[in-house]
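A short worksheet on the structure shown next.
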Amino acid sequence: MRKQSLYLGALVLLSIFAATYEVILFWHGADASENLLSTWQFVFIVLLVLWVDADSKNRSDIYRPFEFGQLVFFYWLPYLPFYLWRTRRTFGIFMLLGFVFLFFLGYFAQWVIYLAR
């Protein structure tokens, strides 16, 4: 199994678990733990950076200096859209929108519940 598939699978599964946690608490009128949600956001970014690092190893058109992983971690926000556009063009923009959706999945689910009530 390729590493990048493992990282993307973990990203999707953990996003769903975090969103489920937020939705259950929202449904019962309780507040989610800010520490847990902050930790989840950090884990999301780390998994995303690990995916970019693993995915770029198979691409000859991406220059990978010695400290590539560290650079991606520090500059992930401006580099991620550039990387996705450079490697996948239009599909990369849809992937970026998918990552944004996964990041805010708990908020979107709470919003849907709020509108449904």
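The basis for the numbers below is simple: all heavy atoms, side chains too, and nothing from hydrogens, waters or symmetry mates.
Under the 4.5 Å side-chain heavy-atom criterion for ILVMFWY residues, a single connected hydrophobic cluster contains both Trp40 and Phe104. By the rule that hydrophobic residues join a cluster once side-chain heavy atoms approach within less than 4.5 Å of another member, Phe42 and Ile16 end up as members of one cluster. Residue Tyr79 is grouped with residue Tyr7 when hydrophobic side chains (ILVMFWY) are merged at heavy-atom distances under 4.5 angstrom, including chains of intermediate members. In terms of hydrophobic clustering, with Ile, Leu, Val, Met, Phe, Trp and Tyr side chains grouped at heavy-atom distances under 4.5 Å, Phe66 and Leu50 are assigned to different clusters. Phe17 and Ile45 fall within a single hydrophobic cluster, where Ile, Leu, Val, Met, Phe, Trp and Tyr are joined by side-chain heavy atoms under 4.5 Å apart, directly or via other members.
With rounding to the nearest 0.5 Å, the separation of CG in Leu105 from OG1 in Thr20 is 7.5 Å. The structure places CD1 of Ile62 at 8.5 Å from CG of Asp55, a figure rounded to the nearest 0.5 Å. Atom CD1 of Ile24 sits about 11.0 Å away from atom CD of Glu22, to the nearest 0.5 Å. Here Gln41 contributes atom CD and Thr39 contributes atom OG1; the two are 9.0 Å apart, rounded to the nearest 0.5 Å. One distance of note links CG of Asp31 with CG of Leu25; it measures 8.5 Å at 0.5 Å rounding. The distance from the OG1 atom of Thr87 to the CG atom of Asp61 is 7.5 Å, given to the nearest 0.5 Å.
Residues Trp27 and Arg117 are in side-chain contact: their nearest non-hydrogen atoms beyond the backbone lie under 4.5 Å apart. Looking only at side-chain heavy atoms (C-beta outward), Leu36 and Tyr21 come within less than 4.5 Å of each other. Looking at Phe101 and Ser15, their side chains never come closer than 4.5 Å, going by heavy atoms from C-beta outward. Contact annotation: the side chain of Asp53 never approaches that of Val72 to less than 4.5 Å [non-hydrogen atoms, C-beta and beyond]. Side-chain contact between Tyr114 and Phe26: present, with at least one pair of heavy atoms (C-beta onward) separated by less than 4.5 Å.
The ring pair (Phe, Tyr, Trp, His ring centres under 6.0 Å) with Phe99 is formed by just one residue from the set Phe44, Trp76, Trp51; it is Trp51.
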request  = Show the numbers, then the answer: is there a side chain to side chain contact (heavy atoms under 4.5 Å, CB included) between Phe73 and Val46?
outcome  = CA-CA 7 Å; Phe73 182 72; Val46 167; 3.9 Å; yes

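In this structure, Arg2 contributes its side chain and Ala54 its backbone to no donor-acceptor pair below 3.5 Å. A donor-acceptor pair is defined here as one N or O able to donate and one able to accept, closer than 3.5 Å; such a pair exists between the side chain of Tyr83 and the backbone of Ser56.
Residues Pro78 and Pro81 approach most closely at O-CD, 3.6 Å, considering heavy atoms. Heavy atoms only, all atoms of each residue included: Val49 and Gly69 are closest at CG1-O, 4.1 Å.
Atom CZ of Phe94 has 12 or fewer neighbouring heavy atoms from other residues, nucleotides or ligands inside a 6.0 Å radius.
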